[in-house]
Amino acid sequence: MTSMWKAALLAGAAWSTIAGAASAQQAPAADNSVSVDEVTVTARRREENLKDVPVAVSAFSAERLERAGGTDITVLSQTTPNITVQTARGSNSTLISYIRGVGQQDPLWGYEPGVGLYVDDVYIYRPQGAVLDIFDIERIEVLRGPQGTLYGRNTIGGAIKYVTKRLGDEAGAKIRGTYGSYNQTDVLVSGQTPVGGGLSVGGSYALYKRDGYGSNLTTGAEHYNKDVEAYRISAEYQPTEDLFFRLAYDKVVDDSNPRHGHRELPALVGGYKVLDIYDTQAGLGDKNHVMTKGVSLTAQWNASDTVTLKSITANRRGHTDTVIDFDGTPLPTLDVPATYDDRSFSQELQAVYSDENVQGVFGLYYMNSQASGEFDTIAGNLGVAIANGGKVNTQSFAAFFDFSANLTDKFKVSLGARATRDAKRANVYRFFYLGATRTPYQGGTPRPILQTRTNYNAEKTFEQFTPRISASYDLNDDLTSYVSFSKGYKSGGWDMRGDAFITPQTVNGYKPEVVKTYEAGLKGYMFERRVSFSSAAFLSKYTDQQVTTQVVVPSGIASSVDNAGASTLYGVEFEANAKLSANLSANVALGYIHAEYDTFSRFVPAGAPNPLNPSTTLATGQIVNVADLYGFQNTPEWTGNVSLTWRGELAGGDLAITPMVSYRDAYQQFEQPLPLLDQKAFTLVDLTAQWTAPSGRYKLALTGKNLTNEKYRIGGYNFGVPTYNNSVIGFYGPPRTVAASIEVAF
């Protein structure tokens, strides 16, 4: 099927759903069985009806995510407009997120993400181990657009909130087992029980095992397999109705084999051919270990009928040992073993006020974190190994408020602001060693440094004021319109790969980037509450945009992080949930975004090709404006999703069948167009069927994902020159899979 046909199919399905909802209004007045449910979110750090929140928010309950066949949060890419949430290239559990064209593809330590990830209001500082599996949750919220006021730094594109279930005061347990394609074997066990005196304890354990979609033909190991264990333990104490405490611990261990990627071109040396997209001939090895863990304490006191005080304390740590064979052959042409470590402590205090006319929150935030790492670049044809490493320490302070006032029964205004101060200290080094084997930093043979290319310490403080203002008007009891302005900021820093010999300015670091977004929206209910919907139109001005670039030069690979310039992004989003009848419901999501650079000032080192004339090389390093040549990465122009859910009775129980079609337009892997790696438009077709016993104790499910077996890239690297044996590699999304599960509740 052509991409145009797929887009037309998606648009037709969306139109049919809306038309069906419209025809439903001709039926007799709806009762509760044919009305959509109200959705409660905490996008503004307080519980509100989704209709009343002047922010573009998507909310997904655990049940809806199950119907979408979601096993981890990357399913959001299929269900949410103008968003990319996927596993990082060369990784199994590192998260890459983009919302409305803003994000971060490079998960290297020291670089800041553009989309904030939160678990129960705890900020997940680093992307390693952040591809969270969906289990034991209440809902996931996606906040689109800058969230610089309530969520702060590094939510310049938006935020994703992962909300787990509270234990409550009833005992219960659940066991779920899943078996599927590629010997997928998953086990989930969870339970909770009251102890007495307002104390409840609970926990969950998840084990995810799967053979690889392909093989490493050199070592015989599985490739694209899964081997993950996850734990979550919590205790809740509520001695009175006004006091609540929650202590939670979580840990995720990912021992899946490393992903070395797929050669998109045959090798120039060794006769290595292009293989199946999930196979590799990498020779670097199969060792990969990612561990993340954290503990948090949440305390809440309802001080009065109008005031609630809240404290959120968290400590998190992570460690990664991994390898990526960039050339995908047994030769040590471009091999990268790496180690990452991170730790963070955060403390947030909130005071929430709410009466009939004024609602809001005031807060203070503190975070102390350190991210460090080291990786080798083993360049066989150059006869050297390059050790890159260092660390970044950050102390972040912020004060914020966000208040709404009802000026009339229908007209509300909201004002918020945040003042942030990031104090950073960095150490960066880059050493050349003779011999194409691991350096001493990665356990290689001890030997003297051949050449010091980078070795510096630096300190900087970044300060930013990020306001937000909105006004909303209730057109009637079911429809709310709003306009808003918001500002987001991503902190500055230093290039951890920087080579001061090639790019001397790397020691100066790069500045923060800023997005200012203007938004208008309409949300609410239609057709006697058979349909709930939300829509938004936005315009964003993006300045001092941080862009990571790596180019091949005679002495190796030159990296730079530039504040490339400015860009303009605008688009529209629409989501709807329709109850077409007592047995049939539908969900529709559609997003459009136009993203274009106004300026893109890129530093091109000496010896690199001139972007404006690739047949020539630059004799000296220069800054070149490449705005007319470059585009946004991970930002498809159109995204869409349509799903239907039919419910009926079978054997006395409830049967729910959900087909889902999701569409993503063509998109680039990097700012520079690369036809060998850039992904064409594609459509994914999924189907789930769930049967719940009359007692609710048993649940059976059958899930089919990517039923048309689409082959699509989610990342890549471009080192297609003779020095690196023509190494252009891609990383692919999962093939067609089918899984069956059984769940027993006690």
Side-chain angles (χ1 to χ4, degrees), residues 60-76 79 87 92-93 95 119-120 124 129-140 162-168 170-193 200-211 225-236 246 248-256 290-294 653-654 656 658 686 688-693 695-705 734 737-746:
F60 303 94
S61 66
E63 180 185 9
R64 183 175 168 187
L65 291 169
E66 282 185 4
R67 292 201 306 266
T71 57
D72 59 52
I73 63 174
T74 61
V75 73
L76 297 174
T79 58
T87 306
N92 300 289
S93 56
L95 186 68
V119 177
D120 294 330
I124 305 301
V131 179
L132 303 176
D133 291 290
I134 295 173
F135 71 98
D136 216 24
I137 70 162
E138 181 178 306
R139 67 183 182 276
I140 294 178
Y162 187 99
V163 183
T164 64
K165 292 180 180 178
R166 283 195 173 185
L167 299 178
E170 293 186 4
K174 180 174 65 177
I175 299 176
R176 185 175 72 208
T178 301
Y179 184 79
S181 304
Y182 301 94
N183 202 29
Q184 174 189 351
T185 308
D186 300 340
V187 176
L188 169 66
V189 180
S190 63
Q192 71 282 334
T193 184
S200 296
V201 296
S204 56
Y205 168 78
L207 176 66
Y208 302 95
K209 295 274 192 178
R210 191 197 65 239
D211 293 344
N225 72 323
K226 188 169 185 177
D227 184 359
V228 174
E229 280 188 289
Y231 312 80
R232 189 175 296 142
I233 303 170
S234 60
E236 295 178 356
R246 186 186 199 190
Y249 171 82
D250 66 272
K251 183 177 181 180
V252 177
V253 178
D254 181 358
D255 287 322
S256 312
V290 181
M291 183 281 297
T292 61
K293 62 181 179 181
D654 177 70
T658 303
D686 304 331
T688 64
Q690 296 180 330
W691 180 80
T692 305
S695 64
R697 183 178 179 186
Y698 301 100
K699 182 186 292 185
L700 305 176
L702 182 66
T703 302
K705 301 288 290 182
T737 58
V738 178
S741 65
I742 180 170
E743 179 178 301
V744 182
F746 302 93

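Computed over heavy atoms, backbone and side chain alike; hydrogens, waters and symmetry mates excluded.
Salt-bridge annotation for K705 and D686: present, with a side-chain N of the basic residue lying under 4.0 Å from a carboxylate O of the acidic one. Taking the charged nitrogens against the carboxylate oxygens, R246 and E236 do have a contact shorter than 4.0 Å, which makes a salt bridge. Between E66 and K699 there is a salt bridge, with a side-chain nitrogen of the basic residue lying less than 4.0 Å from a carboxylate oxygen of the acidic one.
With hydrogens and angles ignored, the 3.5 Å screen pairs a side-chain donor or acceptor of S200 with a backbone N or O of G168. A donor-acceptor pair is defined here as one N or O able to donate and one able to accept, closer than 3.5 Å; such a pair exists between the side chain of T185 and the backbone of N183. Although no hydrogens or angles enter the test, the distance criterion places no donor-acceptor pair under 3.5 Å between the side chain of T688 and the main chain of A68.
A distance of 11.0 Å separates CD1 in I140 from OG1 in T164, rounded to the nearest 0.5 Å. In this structure, OG on S204 lies 6.5 Å from CG on L188, to the nearest 0.5 angstrom.
Side-chain atoms of Y208 and Q184, non-hydrogen and from C-beta on, never get closer than 4.5 Å to each other. In this structure, V252 and V228 have side chains that are in contact, with non-hydrogen atoms separated by less than 4.5 Å.
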Exercise. Side chain to side chain donor-acceptor pair (under 3.5 Å) between E229 and Y205: does it pass, once the steps are laid out?
Worked result: CA-CA 8 Å; E229 280 188 289; Y205 168 78; 2.6 Å; yes
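Between the side chains of N92 and S256, no donor N or O sits under 3.5 Å from an acceptor N or O.
Few gaps surround NZ on K174; more than 12 heavy atoms of other groups in view lie less than 6.0 Å from it.
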